[in-house]
Amino acid sequence: MRRYIDCDNNFNQISQQKPYCWIDISDPDQDDCRFLTEQMSMPQDFLEDIADRDELPRIETSGDWLLVIVRIPVRDSGDGTPFSTAPLGLVIHKNTMVSIHYNEYSFIDDTLLILRRKGIKIRNHIDLALHIIFSSTDWFLKYLRQINFSVETAEKKLGSSIENSDLIQLRDIQKTLVYFNTAIRGNQVMTDRLKSLYQEKDSLDVELLEDLVIELKQAFNTVNVYTEILNATMDSYTSIISNNLNVIMKRMTSFSIALMIPTLIASFYGMNVRNGSESAPLAFIAIISVSILMSAVCLAWFRKIRWF
């Protein structure tokens, strides 16, 4: 889907392309690709790089064309993790900027809503790219708050009973934090590169850039804190599971030893040899009583030494 956004008119959608407009393309089809490569003469390798889901944040230039790839958070990655990241391509050429993405269609809508609500005016498309990167950082922080809530919920469940599903949920969240950590760090490096390329040309909003750097650092630190907390939580539950297994094994061993005593007595009296109690009328009851008494004494002793 292709749409045109007027950057000079409060970022409202327009029906056709005009100078200094923003072209947003989601899930580009063959018609969109022909429009970009034939009508706009965009380098073909730019489209191929953006289509690569594993593409890292970076900046590339080709003649008058500038490609900025930033990774944004997305829901339902398809591998079981609640969130992942995907590339968003920002292609700038003279008086036009094109955003190309294959995931998270609501991200651009949310960015437009923020730009309209704040009444932001941009000087050039580099500043617009900074605003989009800033919005992606806000999304990282928003999803991190949801991840923190999910971890707290899983911890409450694990406090009462440890289920495999809860541990798997924590493992998937752990993978999400790794994706976020890598993406945010890559966005930081890409932003530093953008700063070094354009700050001397007075093409960047310095105040916006400083706010973006601070926001990226906050997101990066938040990811690291949540990662450390989750790692500590996983280690704690691993220790709990191991301790519970040890307790169960001790109890089973205690009962096995207690049951071995009557088994040993029964084995002695079951031999085909005379032992002097064959004709005693209460021999069977006596043997059973002694076996139960000795097993009870054994269990009482294990209880005293806190084996179970």
Side-chain angles (χ1 to χ4, degrees), residues 46 48-61 66-92 99-104 107-108 110-111 126-151 170-199 204-235:
F46 280 13
E48 295 173 355
D49 292 343
I50 298 170
D52 184 2
R53 186 176 177 84
D54 298 323
E55 191 70 31
L56 296 176
R58 62 186 179 85
I59 295 175
E60 183 178 340
T61 58
L66 171 68
L67 170 64
V68 178
I69 295 181
V70 56
R71 293 198 71 88
I72 62 174
V74 296
R75 289 182 177 273
D76 302 327
S77 62
D79 61 352
T81 56
F83 304 102
S84 184
T85 62
L88 167 68
L90 305 175
V91 184
I92 300 174
S99 59
I100 307 171
H101 52 98
Y102 291 82
N103 300 88
E104 202 62 73
F107 170 74
I108 296 297
D110 183 72
T111 302
I126 298 297
D127 284 352
L128 178 57
L130 291 179
H131 279 290
I132 294 174
I133 299 170
F134 195 98
S135 181
S136 73
T137 307
D138 285 340
W139 271 53
F140 275 115
L141 292 172
K142 178 179 70 175
Y143 284 163
L144 283 171
R145 287 190 290 269
Q146 296 181 27
I147 288 173
N148 187 46
F149 178 77
S150 299
V151 171
L170 290 179
R171 183 207 62 187
D172 291 339
I173 292 175
Q174 200 170 32
K175 290 170 60 178
T176 295
L177 291 175
V178 173
Y179 294 151
F180 278 18
N181 185 294
T182 304
I184 294 173
R185 182 55 186 161
N187 289 348
Q188 283 182 313
V189 174
M190 181 271 300
T191 302
D192 292 339
R193 174 65 175 161
L194 198 64
K195 176 181 177 181
S196 63
L197 283 176
Y198 288 94
Q199 190 171 21
L204 292 178
D205 185 337
V206 178
E207 184 176 348
L208 174 61
L209 180 63
E210 291 177 353
D211 292 341
L212 175 59
V213 170
I214 293 173
E215 199 78 0
L216 283 169
K217 287 182 179 179
Q218 178 183 350
F220 185 71
N221 292 335
T222 303
V223 169
N224 287 335
V225 169
Y226 287 173
T227 301
E228 292 179 4
I229 292 174
L230 186 55
N231 289 339
T233 301
M234 294 289 285
D235 291 341

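Since the model is a prediction, treat every value here as computed from it, not as a measurement. The figures that follow rest on heavy atoms only: side chains count, while hydrogens, waters and symmetry mates do not.
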Backbone N or O of Leu144 within a donor-acceptor pair of the Asn148 side chain at under 3.5 Å? no
In the structure I gave you, are the side-chain heavy atoms of Ile72 and Trp139 within less than 4.5 Å of one another anywhere? no
So do the side chains of His131 and Thr111 get within less than 4.5 Å of each other, counting heavy atoms only? no
Does any N or O in the side chain of Asn231 come within less than 3.5 Å of the main-chain N or O of Thr227, such that one atom is a donor and the other an acceptor? yes
Using the rule given for ring-ring contact (aromatic ring centres under 6.0 Å, His included), can you reason through Phe83 versus Tyr179, listing the C-alpha separation, both sets of side-chain angles and the distance that settles it, and then say yes or no? CA-CA 9 Å; Phe83 304 102; Tyr179 294 151; over 10 Å; no
Is there a donor-acceptor contact under 3.5 Å from the side chain of Ser135 to the main chain of Ile132? no
Check the side chains of Gln174 and Arg171 for a donor-acceptor pair under 3.5 angstrom, ignoring hydrogens and angles. no
Using side-chain heavy atoms (C-beta onward) and a distance below 4.5 Å, is Ser84 in contact with Thr176? no
Taking all non-hydrogen atoms of both residues into account, name the closest pair between Phe180 and Thr85 and its distance. CD1-CG2, 3.8 Å
Taking side chain as C-beta onward, heavy atoms only, is His101 less than 4.5 Å from Ile50? no
To the closest 0.5 Å, what do you measure between OG1 (Thr222) and CG (Leu177)? 11.0 Å
4.5 Å side-chain heavy-atom contact, Val74 and Arg53: yes
Residue from Thr191, Leu66, Ile69 passing side-chain contact (heavy atoms from CB on, under 4.5 Å) with Ile59: Leu66
Contact check, side chains of Pro82 and Asp172, non-hydrogen atoms, under 4.5 Å: yes
To the nearest 0.5 Å, atom CZ of Phe134 lies from atom CG of Leu208 at 7.0 Å
Only one of Asp192, Leu212, Thr137, Leu216 forms a side-chain contact (heavy atoms from CB on, under 4.5 Å) with Asn187, so which one is it? Leu216
Nearest heavy-atom approach of Ala183 to Pro57 is O-CG, 4.1 Å
Would you say NZ of Lys142 has more than 12 non-hydrogen atoms from neighbouring residues, nucleotides or ligands within 6.0 angstrom? yes
I want to check something: taking the side chain as every heavy atom from C-beta on, are Leu230 and Tyr226 in contact at a cut-off of under 4.5 Å? no
At what distance, to the nearest 0.5 angstrom, does CG of Asn181 lie from CZ of Arg185? 9.5 Å
Would you call Arg58 and Glu60 a salt bridge, taking side-chain N to carboxylate O under 4.0 Å as the test? yes
How about Glu48 and Asp52: do any of their side-chain heavy atoms sit closer than 4.5 Å? no
Are Gln146 and Arg75 close enough that a side-chain donor and a side-chain acceptor fall under 3.5 Å? yes
Drop me the distance from Met190's CE to Lys195's NZ, to the nearest 0.5 angstrom. 14.0 Å
At what distance, to the nearest 0.5 angstrom, does CD of Glu207 lie from CG of Leu209? 11.0 Å
dist Asp110:CG -> Asp138:CG (nearest 0.5 Å) comes out at 8.5 Å
Donor-acceptor pair, side chain of Arg71 and main chain of Glu55, under 3.5 angstrom: yes
